[in-house]
K.L.:
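Let me begin by handing over the structure; questions about it come next.
Here is the naming used below: chain letters follow the sequence lines, and residue numbers restart at 1 for every chain.
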Amino acid sequence: MSSFKLKFTFIFVFPFILLSVAFAQSDSLRNDGVITGNFYLQAQLYNADSSINAKATDERLLMNAMGNVRYTYKKITVGARYEAYLNALQGFDPRYNGNGISHRFFSFRNEKIEFTLGNFYEQFGSGMVLRSYEDKNLGYDNAFDGILMKWFPHNGITLKALAGKQRLYWEKGDGLVRGVDMEMDLFSVFSIQPGQLTQVNLGASFVSKFQADDHPLLRLPQSVGAGAMRLQINRLPWTLEVEYVRKANDPSADNGLIYKSGEALLCNVSYSVKGLGVHFQAKRIDNMAFRSDRYATNNDLHINFLPPIIQQNSLTLASLYPYATQSLGEVGYQFEIVYTFKRNTWLGGKYGTQLNLHLAKVQNLKTTPDYTGLGYHAVYFPFGNVVYYTDAHLNVKKRLNKNVKVSASYFYLEYNKKILEGDYSASTVYAQIFAFEADWKINSKNGLRMDFQHLQTKQDVGNWAFLQFEYTYSPHWFVSVADMYNYGATNVHFPILAGGYTSGATRVQLRLGRQKEGIVCVGGVCRYAPATSGLSLMLSTNF
Amino acid sequence: MRILVLFALLAMSKILFSQNTLPAVVLKNTSGTNVSTDTLGAYGAPLLISFWATWCKPCIEEMQAIHEVYPEWVDKTGVKVIVVATDDSRSANRVVSMVNGFAWEFEVLLDTNGEFKRAMQVDEIPHMFLLNPHGKIVWQHTGFVSGDEEYIFNKIVECKADE
């Protein structure tokens, strides 16, 4: 037995055995132990398809699978995750290939304190100074392995402290990360009952990373710190949130080893009453890549998370041009209105009509070069004159009668392919998308949905059309057929036939067809996905 | 090693049950106040907890479908719906304006780093849990298609009848 397995056995398994035997005889404790878990599998057979440059893999079948188990007994929780990439699906980093226990933890919580030993995820504020999380669709997991402590000394006050190293596939990153965070809900602290008074939340964080300097020529800072402050004010119907982060100089592969400090500012203002929601957000990022290994690239070892300011869109054709935050520098703003025209009004009709308008723009910072090692200087105003991304999106949803709902959308976007994909031969894509969706509830069991989208552009590969029909038999079955057709330049179809079964927490889905090469983004973090053709299976469940 | 793990599992089987109550995870409501999820149960009537996100189309379909029949559900069963937004900081600030803009009358909690979602072993969204009046989880369902709102309501009625 390897030393890791031996340690795991003694630390996690034997206490279970002891507890189980000790309390199995006690009827009063019979119901206190709870075990939960989930399981996920995605497997794909790859066929060669020359018309879309899809390649068959040597293994023919690739798969990603993972299972979590969690045991809770009174105030104690222990858990583990087993992952198997045998081998990893195309588009996922091959360093995932293999299998084993990737995540294990022991946690204790009472009314005043909570601590976790082992692997954990945590976020301070919005995540711009520290966020660890996982997303299996991206192959993203920057979990910490170390210690997390939380203290609740008074109602409305939360103090956190952590130390650890981050996951890097089946290894750990080189850097050591430590952080503290404080958050106060002033209403709760002073036992004020919420009402028409202004409610105020304050927060502050400090995070540092340590990595030895091994550069042969430059003197690199071994400790890099970042501090953040945040404020949230709620005075119904208004909400204001502001967060500011400042990072010390952090020469890295992301910024070309410059000594400039970094900063980020995020502001949200919203106004909402029943039937109307208005939201404005502005963001400025300047040299805010923050990783626990200064030489890491791609999606490896991020300590923080820089939220993109763009609305995550569910339109299939809009996802052809996804946006991800430019950590070196950007300034962006977005505005959104959500409004419901009331029932039995001229615009609302019998059932009401919903309207959603969204506008967003992201552009570069205005900078001047600095040749002393700082790299550049950037000002708050004016902004730079290079547009990275723009979108204007209008959606109207209406129920026509008891059984039929329709939705129509118009989407305009500008996508700077040179900056956002690093394709220096490409020009900015200017596109318009029209979408129409109809949902017909035939009866309580049977439903039919149609989704049609059209993208029009003179750049890139030209125009696209998308059509999907989905039949559902509530609550368990669905089947859909769809085609995405590029008739601008390539005249290639991307047909998909999919079907599945759902029962309780279990979902099984089969999918046959082609997937276009592109970028898959979730929450502003992206990975490259190659073109594929073949059959895929997805299974998920929990217990 | 395998034998030890198997023995541990067998020994534990005497006192093990699947998730039947809510775990204790601290979330925020839309006012920024902390809410511990283990205090949500034992509401005295059926409680429906639904995991969703502003970017998830079937989630919005589900919420809208329930919204259209919610007054009737409340009249007949006293059910309460709590929706847990799994939006991270990219879209968490859209949650309140969307919920109010669409005039949904659900209580909203924010799970911006997925802590509650992980503790409840939720994989895909939308995903909902039904708790009986004593706070015990009696049913769960993943996904949403047209007509599911009637299936969900039948489960709520069964839950109330079993009280």
K.L.:
Measure B/Q140 against the heavy atoms of chain A and call it side chain, backbone, both or neither at under 4.5 Å.
P.N.:
both
K.L.:
Apply the test side-chain contact (heavy atoms from CB on, under 4.5 Å) to residues A/I309 and B/R90: give CA-CA distance (whole Å), side-chain angles for both, the deciding distance (0.1 Å), then the verdict.
P.N.:
CA-CA 6 Å; A/I309 205 158; B/R90 172 186 183 151; over 6 Å; no
K.L.:
Please classify the contact of B/S36 with chain A as side chain, backbone, both or neither, using a heavy-atom distance under 4.5 Å.
P.N.:
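The side chain, not the backbone.
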K.L.:
Does this structure show an ion pair linking A/D185 with B/K28, if we count only N-O contacts that are shorter than 4.0 Å?
P.N.:
no
K.L.:
Looking at residues at least two apart in the chain, or sitting in another chain, which of them share a side chain to side chain contact (heavy atoms under 4.5 Å, CB included) with B/S50?
P.N.:
B/E62, B/V83, B/M128
K.L.:
Taking atom types as modelled and ignoring hydrogens, do the side chains of A/S540 and B/E124 form a donor-acceptor contact shorter than 3.5 angstrom?
P.N.:
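Side chains of A/S540 and B/E124: no pair found under 3.5 Å.
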K.L.:
Which bit of B/A53 is near chain A, if near means a heavy-atom gap under 4.5 Å: side chain, backbone, both or neither?
P.N.:
neither
K.L.:
Give, as side chain, backbone, both or neither, the part of A/S126 having an atom under 4.5 angstrom from any heavy atom of chain B.
P.N.:
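Backbone plus side chain of A/S126, per the 4.5 Å heavy-atom cut-off to chain B.
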K.L.:
So that I can tick it off, tell me whether A/K441 and B/E149 are bridged by a salt bridge, with the cut-off set at under 4.0 angstrom between side-chain N and carboxylate O.
P.N.:
yes
K.L.:
Is a donor from one side chain sitting under 3.5 angstrom from an acceptor on the other, for A/Q123 and B/E115?
P.N.:
no
K.L.:
For residues 69-79 of chain B, give me every residue with a non-hydrogen atom less than 4.5 Å from any non-hydrogen atom of chain A.
P.N.:
none
K.L.:
Could you tell me whether B/E150 and A/K445 make a salt bridge, using a distance below 4.0 angstrom between a side-chain N and a carboxylate O?
P.N.:
no
K.L.:
Going by side chain to side chain contact (heavy atoms under 4.5 Å, CB included), name the residues that satisfy it together with A/D451, two or more places apart in sequence or in a different chain.
P.N.:
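With neighbours one apart ignored, the set is A/E437, A/R449, A/Q453, A/F466, A/Q468, B/K57.
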K.L.:
Listed by chain and number, what are the salt bridge (Lys or Arg N to Asp or Glu O under 4.0 Å) partners of B/K136, not counting sequence neighbours?
P.N.:
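By the salt bridge (Lys or Arg N to Asp or Glu O under 4.0 Å) rule, B/K136 matches no residue at all.
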K.L.:
Strictly below 4.0 Å, N to O, side chains only: are B/D88 and A/R131 in salt-bridge contact?
P.N.:
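Yes.
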K.L.:
By a 4.5 Å heavy-atom criterion (distance strictly below it), what part of B/F102 contacts chain A: side chain, backbone, both, or neither?
P.N.:
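It is both, since atoms from each part get that close.
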